[in-house]
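Since the structure comes first, as structure tokens, the remarks are kept for the end.
Below, chain A is the first sequence line, B the second, and so on; all start at residue 1.
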There are 2 protein chains.
Amino acid sequence: METYRNRADRRRQTEERILDTARAMFAAVGYERTTIRAVATGAGVDPALVMQYFGSKKDLFVAASKLPDDWPAEGEGPLDPDEVTERLLATLGLKIGGIPESSLAMMRSMLTHPEAAQTVRDSLGRWIGAVGNALPGEDPQVRAALLMTTMVGVIIGQRLLELDALRDVPPDRLVALLRPCFAALADGK
Amino acid sequence: METYRNRADRRRQTEERILDTARAMFAAVGYERTTIRAVATGAGVDPALVMQYFGSKKDLFVAASKLPDDWPAEGEGPLDPDEVTERLLATLGLKIGGIPESSLAMMRSMLTHPEAAQTVRDSLGRWIGAVGNALPGEDPQVRAALLMTTMVGVIIGQRLLELDALRDVPPDRLVALLRPCFAALADGK
DNA sequence: GTCTATAAGCAGATAGAC
DNA sequence: GTCTATCTGCTTATAGAC
């Protein structure tokens with residue numbers, strides 16, 4: 001029984017090490033350029049073991065890539081635009097410094113891997129619905145969509161393209177600069 | 001000579017047809033998932049002909065993908081922030097309806113194809129430099145970068161992810177909604 | 001349970017027939 | 001000049017030895 005527990009633990013540790021490596025590689029080079037072989041080598045295991053544990057490359061991607069939870073839909077009524085702004089900025093501020101690698105993995109492949117694209121589309125759709133539902137004024141859905149695409153653009157620029165101009169800019173500073181911009185979209189002029 | 005001209009014309013037409021097909025496929029599914037074979041089939045020619053004309057898949061991508069020209073740097077002095085805003089919005093307004101497929105091809109692959117990433121980084125870097133140079137106030141480069149990532153985000157949302165909320169929204173409307181947002185970033189509060 | 005060996009398929013690229 | 005045939009390499013995935 002002692003033995004069994006140790007083996008189970010070992011297996012869980014190995015599985016976690018494989019997942020970590022996969023996340024890092026999917027985040028770094030995307031779905032297509034990540035190979036089972038490279039993940040296995042990186043994790044120090046046999047390629048067949050990866051298949052044994054996760055079944056297929058697609059399933060490994062599903063296990064390794066994940067988007068953050070949806071907008072917390074507590075109340076349904078229209079919120080204060082300022083509150084919407086602050087919530088989105090807080091989300092972005094947290095994310096931009098420490099986005100989980102699983103999210104970067106998903107975003108890295110969202111333009112070229114159809115299933116990642118669909119996952120991102122669905123998730124953004126829910127965010128847009130919830131945020132738009134909380135906005136006053138005209139075309140709330142469109143303005144919510146623009147808020148979300150702005151966030152996506154910033155994350156892409158800083159974390160995926162790693163633009164020089166956004167390197168070494170503290171998240172707080174970015175949030176401060178974006179605040180009036182978000183406010184303008186949120187209160188619908 | 002008549003014959004020669006006809007052959008040269010034919011060849012140019014064939015080359016253009018291959019390029020059109022390649023652009024469409026690169027824009028639709030990205031670099032990795034586009035195959036020489038599929039391009040050839042789509043253009044109604046032999047795969048070997050594509051290699052004959054363009055040398056390699058990389059070279060075909062280079063020939064088919066292109067970003068728009070840089071920001072027109074006429075004067076160097078700080079411009080009116082409103083003017084910067086209007087120029088960027090005009091660029092986006094034109095683009096969003098009719099972005100050249102060659103640009104979409106480049107953007108589709110910018111997160112997963114290293115050379116596309118570098119091309120986009122370089123181009124955005126030049127835009128950021130020029131726009132930042134034209135902005136007054138604090139951290140002009142950072143604000144310029146945020147303006148550019150916002151544009152990138154919107155294009156991705158509407159043309160590459162094809163978000164429902166942005167479908168069928170006229171470019172004019174998007175530009176109008178983004179104007180105060182851009183203005184806030186451009187005049188630095 | 002883990003790994004060796006290999007299957008099966010598809011890619012880009014090339015050599016040479018016509 | 002154009003296409004057939006093939007080479008070489010790489011991938012995911014599997015079957016079976018240990």
Side-chain angles (χ1 to χ4, degrees), chain A residues 1-19 21-23 25-26 28-65 105 108-109 112-116, chain B residues 1-19 21-23 25-26 28-65 105 108-109 112-116:
Chain A
M1 221 182 266
E2 185 67 22
T3 306
Y4 174 80
R5 234 220 0 244
N6 285 345
R7 280 193 185 167
D9 284 351
R10 268 189 98 86
R11 164 162 176 147
R12 223 171 301 131
Q13 278 185 359
T14 303
E15 204 170 302
E16 201 51 50
R17 207 170 60 245
I18 293 172
L19 264 185
T21 309
R23 260 190 288 265
M25 289 193 176
F26 283 134
V29 302
Y31 181 83
E32 301 281 349
R33 296 173 107 92
T34 296
T35 66
I36 299 277
R37 282 163 156 81
V39 170
T41 301
V45 301
D46 191 272
L49 199 65
V50 178
M51 299 298 293
Q52 184 75 10
Y53 283 1
F54 295 96
S56 71
K57 183 180 175 181
K58 280 188 174 183
D59 289 340
L60 177 62
F61 181 78
V62 171
S65 309
R108 173 73 70 188
S109 295
T112 44
H113 186 49
E115 305 179 24
Chain B
M1 219 183 265
E2 184 69 21
T3 306
Y4 174 78
R5 232 218 4 239
N6 285 346
R7 280 194 186 167
D9 284 352
R10 268 187 99 87
R11 166 165 174 144
R12 223 171 301 132
Q13 279 185 359
T14 302
E15 206 171 299
E16 200 51 50
R17 206 168 62 244
I18 293 172
L19 264 185
T21 309
R23 261 190 286 267
M25 289 192 177
F26 283 134
V29 301
Y31 181 82
E32 302 280 350
R33 297 175 105 91
T34 297
T35 65
I36 299 275
R37 284 164 155 84
V39 170
T41 301
V45 300
D46 191 273
L49 199 66
V50 179
M51 298 299 293
Q52 184 75 11
Y53 284 0
F54 294 95
S56 71
K57 185 181 174 181
K58 281 188 175 185
D59 289 340
L60 177 63
F61 182 78
V62 170
S65 308
R108 173 74 71 188
S109 295
T112 44
H113 186 48
E115 306 180 21

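With rounding to whole Å, B/Glu15 atom CD is found 15 Å from D/dT2 atom C1'. A straight line from CZ of A/Arg11 to P of C/dT2 spans 8 Å, rounded to a whole angstrom. With rounding to whole Å, B/Asp59 atom CG is found 13 Å from C/dG12 atom C1'. Protein atom CD1 of A/Ile18 is 12 Å distant from nucleotide atom C1' of C/dT2, rounded to whole Å. As a whole-Å value, the separation of A/Leu60 CG from D/dA13 C1' is 14 Å. At whole-Å resolution of the value, CG in A/Asp46 and C1' in D/dG16 are 14 Å apart. Atom CD in A/Gln13 sits roughly 17 Å away from atom C1' in C/dT2 (whole-Å rounding). Going from atom CZ of B/Arg17 over to atom P of D/dT2 covers 11 Å, rounded to whole Å.
Atom CD1 of residue A/Ile18 and atom CD of residue A/Gln13 lie 12.0 Å apart, to the nearest 0.5 angstrom.
At D/dT2, one or more side-chain N or O atoms of B/Tyr53 fall inside 4.0 Å of OP1 or OP2 (strictly under the cut-off).
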In sequence, state the C-alpha distance, the side-chain angles, and the governing distance for A/Phe26 and A/Val39, and then conclude on side-chain contact (heavy atoms from CB on, under 4.5 Å). CA-CA 9 Å; A/Phe26 283 134; A/Val39 170; 5.8 Å; no
Would B/Tyr31 and B/Ser65 count as a side-chain contact (heavy atoms from CB on, under 4.5 Å) if you check the C-alpha gap in whole Å, the side-chain angles of each, and the deciding distance to 0.1 Å? CA-CA 10 Å; B/Tyr31 181 82; B/Ser65 308; over 6 Å; no
Grab the N/O contacts between the protein and nucleotides 13-15 of chain C below 3.5 Å, and write none if there aren't any.
| unit_1 | atom_1 | unit_2 | atom_2 | d |
| --- | --- | --- | --- | --- |
| C/dA13 | OP2 | B/Lys57 | N | 3.0 |

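A donor-acceptor pair under 3.5 Å links the side-chain atoms of B/Thr34 to the main chain of B/Met25, judged by distance alone.
Across all strands, B/Thr14 comes closer than 4.0 Å to no nucleic acid atom at all (heavy-atom distances).
Sorted by first then second residue, the side chain to side chain donor-acceptor pair (under 3.5 Å) pairs that include residues 48-64 of chain B, not counting sequence neighbours, are B/Ser56-B/Asp59, B/Lys58-B/Glu115.
Residues B/Gln52 and A/Thr35 both approach DNA chain D. Their nearest nucleotides, taken by heavy-atom distance, put B/Gln52 toward the 5′ side.
A salt bridge between A/Arg12 and A/Glu16 is absent, with no side-chain N of the basic residue lying under 4.0 Å from a carboxylate O of the acidic one.
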Report, one line per pair, each donor and acceptor closer than 3.5 Å where one atom sits in a side chain of residues 40-47 of chain A; sequence neighbours left out.
| unit_1 | atom_1 | unit_2 | atom_2 | d |
| --- | --- | --- | --- | --- |
| A/Thr41 | OG1 | A/Arg37 | O | 3.0 |
| A/Asp46 | OD1 | A/Ala48 | N | 2.8 |

